[in-house]
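A short worksheet on the structure shown next.
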Amino acid sequence: MSYSMIVVLTLLGFSLVAGLFIYLTVLDAGRWRKKIETALLPMGFEVCPSKEEKTALAQRLLIVNPRHQGRRLLMNLYRRLSADGSHNIYFCDYRFASASGNAQGTQWFIICLVSRELDLPRFLIDGVPGASGTAGKLFHGLSKAFPMPGLERIKTGDAEFDKRFCIYADSGKVKQVLRICERITPALRATGSASLDAQGDRLILSSIEMGAGLPRQTFDPQELMRLISAASNLFETLGHQAHE
């Protein structure tokens, strides 16, 4: 067999492997999207096809996980308009990758509520998983070791609340954020260990308990419903009170 023939066969082999990989990736992505839609569409969500709306939402989501310095990818996006038209709730299939994009990193499911009635200061409330156990102590330790960029760690003075949640705010908005925390404490307690990011016209909830991952092809619809309910309750509390 000639050298040129070996080269041709080698290239053909690589092409077949690459083609098979792309096919399996597309197939998995299709199955994953179908799983998501099986849960979301009966709840009144619809696929959000607008490129402009997706781009605008991707900008709003930049406040999520501020420690991450790599790439962010907003994949599957779904939207539900409230009955009174006051707000949109978005379900976001959101992924963090390395700066180069070579490593996919983690995948999050995010609930984002957007409304013109909101005018919120920048703050972040991290739910502490297993607050009373070893996991909670580890979480608090890591929070102290790795500060949130651009945000100040604050406490409410409520020992139980401060044990369950880590609160961060813009340094110039601490008093306003503390007043907001007083109003939303009942709604926050109902979110479990979910995290809340807020700024301007959006409330963003994420939870490691809901789970996300293409390899497993699973997530928790009950946790999804809980986050959607929590976002709606937070909006009802803050919608007409946040701007001071």
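What you see below is based on every heavy atom in this structure, not just the backbone, and it leaves out hydrogens, waters and symmetry mates. On a predicted model such as this, the values are computed, not experimentally measured, just so you know.
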Does one hydrophobic cluster hold both Leu113 and Met225, with members joined at side-chain heavy-atom distances below 4.5 Å? yes
Given side chains that start at C-beta, do those of Cys166 and Arg153 come closer than 4.5 Å, heavy atoms only? yes
Would you give the length of the straight line joining atom CZ of Arg179 to atom NZ of Lys175, rounded to the nearest 0.5 angstrom? 8.0 Å
According to side chain to side chain contact (heavy atoms under 4.5 Å, CB included), who are the partners of Lys54, at least two apart in sequence or on a separate chain? Leu74, Leu77
Does any donor atom in the side chain of Asp162 or Thr156 lie under 3.5 Å from an acceptor atom in the other side chain? yes
Note, Ile184 side chain near Ile125 side chain (heavy atom, < 4.5 Å): yes
If hydrophobic clusters are built from ILVMFWY residues whose side chains come within less than 4.5 Å, do Met43 and Leu203 share one? yes
Using the test side chain to side chain contact (heavy atoms under 4.5 Å, CB included), find all partners of Ser232 that sit at least two apart in sequence or belong to another chain. Ile89
Among all residues two or more places apart in sequence or in another chain, which pass the side-chain hydrogen bond (donor to acceptor under 3.5 Å, both in side chains) test with Glu152? none
Could Asp197 and Arg202 be called an ion pair, given the rule that one side-chain N must be under 4.0 Å from one carboxylate O? no
Not counting sequence neighbours, which residues clear side-chain hydrogen bond (donor to acceptor under 3.5 Å, both in side chains) with Asp158? List them please. Arg189
Set of side-chain hydrogen bond (donor to acceptor under 3.5 Å, both in side chains) partners for Asn233, sequence neighbours left out: none
Any side-chain heavy atom of Glu37 sitting closer than 4.5 Å to one from Lys34? no
For Ala231 and Leu205, work out which heavy atoms get closest and say how close. N-CD1, 3.5 Å
Sorted by chain and residue number, the salt bridge (Lys or Arg N to Asp or Glu O under 4.0 Å) partners of Glu182 (sequence neighbours excluded) come out as none
Would Phe91 and Phe109 count as a close aromatic pair, with their ring centres under 6.0 Å? yes
Under-4.0 Å salt bridge between Arg79 and Glu46: yes
Out of curiosity, Arg80 CZ to Ile111 CD1, how far, rounded to the nearest 0.5 Å? 9.0 Å
Applying side chain to side chain contact (heavy atoms under 4.5 Å, CB included) to Leu81 and not counting sequence neighbours gives Asn88
List the steps and the verdict of side-chain contact (heavy atoms from CB on, under 4.5 Å) for Phe161 and Ile167. CA-CA 10 Å; Phe161 186 89; Ile167 307 170; 3.3 Å; yes
Can you tell me if Asp170 uses its side chain to pair, donor with acceptor, with the backbone of Gly172 under 3.5 Å? no
Check whether any side-chain heavy atom of Phe165 lies under 4.5 Å from a side-chain heavy atom of Asp126, and answer yes or no. no
Point-to-point distance, once rounded to the nearest 0.5 Å, from CD1 of Ile180 to OG1 of Thr185: 11.5 Å
Shortest non-hydrogen pair, Ser86 vs Glu117, comes out as CB-OE2, 3.6 Å
Under a 3.5 Å distance rule, please check whether Arg72 uses its side chain to pair with a backbone N or O of Gln59 as donor and acceptor. no
So Leu120 and Asp201, do their side chains get closer than 4.5 Å, heavy atoms only? no
On a heavy-atom basis, the closest approach of Pro66 and Ile63 is CD-O, 3.5 Å
Distance, nearest 0.5 Å, that separates CD of Gln176 from SG of Cys181: 11.0 Å
ring-ring contact (aromatic ring centres under 6.0 Å, His included) filter on Phe123, not counting sequence neighbours, yields none
Set of residues satisfying side chain to side chain contact (heavy atoms under 4.5 Å, CB included) with respect to Ser50, sequence neighbours excluded: Glu52, Glu53
Exactly one of Leu57, Ile110, Leu61, Ile204 should register a side-chain contact (heavy atoms from CB on, under 4.5 Å) with Tyr90. Which one does? Leu57
side-chain hydrogen bond (donor to acceptor under 3.5 Å, both in side chains) with Ser229: which residues, sequence neighbours excluded? none
Would you mind reporting whether His87 and Val114 have side-chain heavy atoms less than 4.5 Å apart? no
With sequence neighbours left out, the residues meeting ring-ring contact (aromatic ring centres under 6.0 Å, His included) with Phe45 are none
Identify whether Leu41 and Leu227 are in the same connected component of the hydrophobic contact network (ILVMFWY, side-chain heavy atoms under 4.5 Å). no
Hydrophobic cluster partners of Met75 (side-chain heavy atoms under 4.5 Å): Leu73
